[in-house]
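Computed from heavy atoms alone, side chains included, the values below leave out hydrogens, waters and symmetry copies. Numbers here are sequence positions counted from 1.
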Amino acid sequence: MNKVIGIGKQSFEDMIQSDCFYIDKTNLIKEWWESEDDITLITRPRRFGKTLNMDMLKCFFSNHYQGRSDLFKNLKI
C-alpha cells in the first residue's frame, strides 16, 4: 500500500502508526541535546512542521511514551 501524505496531522505518534509519509527529522533530537543551549527558538514559516517536531520531542522524552521505541523504529535516531 502506498504511503499517504498526512496533511494537517500534528501528532507524531499518529503519523507513525498511520504509516503516513514522514520526512525523518529525528536528527534534530541529537543536535538539540548536544547543543546544551539554555533556550531554543524554533522559527519556521507556517506549515513547516514546528508542531509535529515538538510532538516528536515529547514522544521521545516523555515518560508517557516509555517503552514505545516502536515509534522510532527505522528512523535516524
Side-chain angles (χ1 to χ4, degrees):
M1 183 175 175
N2 291 334
K3 291 188 181 266
V4 176
I5 298 175
I7 295 175
K9 288 192 181 276
Q10 297 180 343
S11 167
F12 177 76
E13 180 181 19
D14 189 35
M15 288 280 291
I16 299 301
Q17 289 180 337
S18 300
D19 199 29
C20 291
F21 182 73
Y22 176 72
I23 296 174
D24 187 359
K25 296 183 181 178
T26 55
N27 199 41
L28 168 75
I29 297 170
K30 180 179 183 286
E31 291 175 11
W32 176 74
W33 186 261
E34 290 177 349
S35 72
E36 298 182 14
D37 292 334
D38 292 334
I39 297 172
T40 301
L41 175 64
I42 299 177
T43 59
R44 293 285 183 266
R46 292 181 57 196
R47 312 290 303 159
F48 264 65
K50 296 180 296 291
T51 303
L52 185 58
N53 282 338
M54 293 301 102
D55 197 65
M56 173 191 63
L57 287 170
K58 178 184 79 173
C59 289
F60 190 80
F61 287 107
S62 174
N63 288 336
H64 179 74
Y65 294 93
Q66 184 176 356
R68 292 296 314 272
S69 61
D70 59 301
L71 294 176
F72 294 92
K73 185 179 178 182
N74 300 323
L75 297 177
K76 190 165 187 142
I77 196 73

Worked verdict on Asp24 versus Lys76 for salt bridge (Lys or Arg N to Asp or Glu O under 4.0 Å): CA-CA 7 Å; Asp24 187 359; Lys76 190 165 187 142; over 6 Å; no
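Considering only heavy atoms from C-beta on, Phe48 comes within 4.5 Å of Pro45 through its side chain. Counting heavy atoms from C-beta outward, Asn27 and Ile77 have side chains that stay 4.5 Å or more apart.
Under a hydrophobic clustering in which Ile, Leu, Val, Met, Phe, Trp and Tyr are joined whenever their side-chain heavy atoms come within less than 4.5 Å, directly or via other members, Ile42 and Trp33 fall into the same cluster. Residues Leu75 and Leu52 share a single hydrophobic cluster, defined by chaining ILVMFWY side chains whose heavy atoms lie under 4.5 Å apart.
Residues meeting the side-chain contact (heavy atoms from CB on, under 4.5 Å) test with Tyr65, sequence neighbours left out: Glu13, Lys58, Cys59, Ser62, Arg68, Leu71. Under the rule for a salt bridge (charged side-chain N to carboxylate O under 4.0 Å, His left out), the partners of Lys30 that lie at least two apart in sequence or sit in another chain are Glu34.
Leu57 CG to Leu28 CG: the interatomic distance, rounded to the nearest 0.5 Å, is 5.5 Å. Put simply, OG1 on Thr26 and CD1 on Ile29 are 6.0 Å apart, with the number rounded to the nearest 0.5 Å. Expressed to the nearest 0.5 Å, how far CG of Asn53 lies from CZ of Arg44 amounts to 8.5 Å. Atom CZ of Phe21 sits about 11.5 Å away from atom CG of Asn2, to the nearest 0.5 Å. Met15 contributes atom CE, which lies 9.5 Å from atom CD1 of Ile5 (distance to the nearest 0.5 angstrom).
In terms of heavy-atom proximity, Gln10 sits nearest to Asp55 at O-CB, 3.6 Å.
Under the 6.0 Å cut-off for aromatic ring centres, Trp32 and Phe61 qualify, their centroids lying closer than that. Checked against the 6.0 Å centroid threshold, Phe12 and Tyr22 count as a close aromatic pair.
Panel note: side chain Lys9, backbone Asp14; no donor-acceptor pair is recorded below 3.5 Å.
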